[in-house]
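Note that these values count all heavy atoms, side chains included, but never hydrogens, waters or copies made by symmetry. All ligand and atom numbering here is 1-based and tracks the order in the structure. Predicted model only: the values in this text are computed from it and were never measured.
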Amino acid sequence: MTATQVRSAEPPMPAREPVGRNGVANFDVDRVREEFPILAEKVYGKPLVYLDSAATSQKPLAVLEAMDTFSKTANANVHRGMHALAEAATDAYEGARKSVQHFLNAKHADEIIFTKSTTEAINLVAKSWGKNLAAGDAIVLTILEHHSNIVPWLQLKDEKKIDVHWIDCDDAGNLNLRTLDEFLAKKKVKLVCVTGLSNVLGTKPDLASIVNRAHAAGARVLVDAAQLAAHEAIDVQKLDCDFLALSGHKIYGPTGIGVLYGKREILKDMPPFLGGGMMIGEVTQDHFTAADPPQRFEAGTPPIAEAVGLHAAIEWMGTLPRSEWEAHERDLVDHAGKVLSAIPGLYILGHQGNQQPANKLTSNKISGCLSFTLEGMHPHDLTDLLGKQGICLRAGHHCTQPLHRRLGITASVRLSVAVYNTKEEIDATAEAIRMIQKKFLSSPQP
Ligand SMILES: Cc1ncc(COP(=O)(O)O)c(C=O)c1O
């Protein structure tokens, strides 16, 4: 079997017939779960409850097998050899690029650059596109950003003496877009960097409005879609963003591969990010010319088997009925909001006071995750105790220290969902928190 047979750039398989369980009619979560071998694992003798997919999602068999088959039957380096394996590997790698192009509805395949991760994709923009910035130019960030979409810009601030402006949010996590307008009015803003979905609050900034406002003022927009891509279909042409970054490992694919989407007309004027093999036109002893994008930005041996895995993940996602999948996840987050907010002393971030009616979370604005604190217990202690029961949640600042500082806390616990989770898992988590509270906190809130 050749790599081309392993993974071609064919259109995705038709959506499978839906069945139905766990809240959303026509969505068979049991059948989905069967495709994730790890979900059958026991942890400390207890069934695994994995509610940490915002950190990394689990991988379906289709992805594991595609990578295995590629490595066993078609492994070679890409864009280098004339032999059969080299051609098969190159076809597989470029087929993966086309699949990402379709996944994001990008106009051209050469607008898709493979990176190691979202982090590397954003660094690529900062270090390459950012070279053209001058002292006094400005970048706008939002308080919701992950450190990946903060630190590269702070590095550029130090290096280029640019200004970095911040958009604040209200207590519910809604961005104050009036501040964006004020920054844009100063005419110095060259780029607005915004997450598509907060990895802490689960809130979604109004990307369409941000892109419109920024473009009207002549600024570019970079969307950090690390979380968004796992929960919603993305159309970069419709969105009209200039750059968009995502990670394979958060969308059911492997670690070690990410994507930078950039508009062709912008990429063509950007200098290389890293230097090395494959990113050149010609090299002499004192000079080199750069290849065209995307190769210009893919120096060295790229993540080939990982690209095959990402292609498989995209095809696998294409087999799920999208609207039922999204409804299922919304149902899970709503359910989590309901059962967790009923726990005395548990406060959901963005829903201060714990007085929110259960249906406050049913808004389409919350996706994928929610975070909370539990009175009397540090988030690390809570997740440690939950972990001993096989329940995996994440604690800490989730690489969003500015946001946590804005919310007046240093850490929180995050519960994040993926297509394979169930309401029973969320109930088990809520029950475990109540038990922990009973056992370790002498006087929980009435
Ligand atoms: C919103 C957001 N941006 C960026 C990242 C960084 O992703 P990676 O570590 O895959 O580069 C994450 C990871 O959690 C994230 O949630």
His147 touching ligand 1 at heavy-atom level, < 4.0 angstrom: no
Pairing of Asp334 and Lys338 as salt bridge, 4.0 angstrom limit: no
Polar proximity ligand 1 side, Glu120 side, N/O cut 3.5 Å exclusive: no
Ligand 1 contacted by Asn149 (non-hydrogen, < 4.0 Å): no
Heavy atom of the protein closest to atom 11 (O) of ligand 1 (residue, atom name, distance): Thr119 OG1, 2.5 Å
Numbering as shown, the atoms of ligand 1 that approach Asn199 to under 4.0 Å (heavy-atom distance): 16 (O)
salt_bridge(Arg322, Glu326) N-O dist < 4.0 Å: yes
NZ/NE/NH1/NH2 to OD/OE distance under 4.0 Å, Asp170 and Arg406: no
N-O pairing of Asp68 and Lys72 below 4.0 Å: yes
Ion pair Lys263/Asp242, N-O distance below 4.0 Å: yes
N or O contact, Thr195 vs ligand 1, cut-off under 3.5 Å: no
Atoms of ligand 1 close to Ser117 [distance to a heavy atom under 4.0 angstrom, numbered from 1]: 10 (O), 11 (O)
Element-labelled atoms of ligand 1 that are located less than 4.0 Å from some non-hydrogen atom of Ser247: 7 (O), 8 (P), 10 (O), 11 (O)
Shortest protein heavy-atom distance from atom 1 (C) of ligand 1, along with the residue and atom involved: Asp224 OD2, 3.5 Å
Those atoms of ligand 1 less than 4.0 Å from some heavy atom in Lys250: 7 (O), 12 (C), 13 (C), 14 (O)
Atoms in ligand 1 flagged as close to Thr118, the criterion being non-hydrogen separation under 4.0 Å: 4 (C), 7 (O), 11 (O)
Any side-chain donor near an acceptor of the partner, His146 and Ser148, under 3.5 Å: yes
Glu94 bridged to Arg97 by N-O distance under 4.0 Å: yes
Heavy atoms of other groups near Lys157 NZ, more than 12 under 6.0 Å: no
Exceeds 12 heavy-atom contacts within 6.0 angstrom, atom NZ of Lys186: yes
Subset of ligand 1 atoms that lie under 4.0 Å from at least one heavy atom of Gln227: 1 (C), 14 (O), 15 (C), 16 (O)
Nearest-option assignment for atom 5 (C) of ligand 1, heavy atoms, candidates Glu145, Lys116, His146: His146
Atom indices of ligand 1 within 4.0 angstrom of Ser148 heavy atoms, with elements: 4 (C), 5 (C), 6 (C)
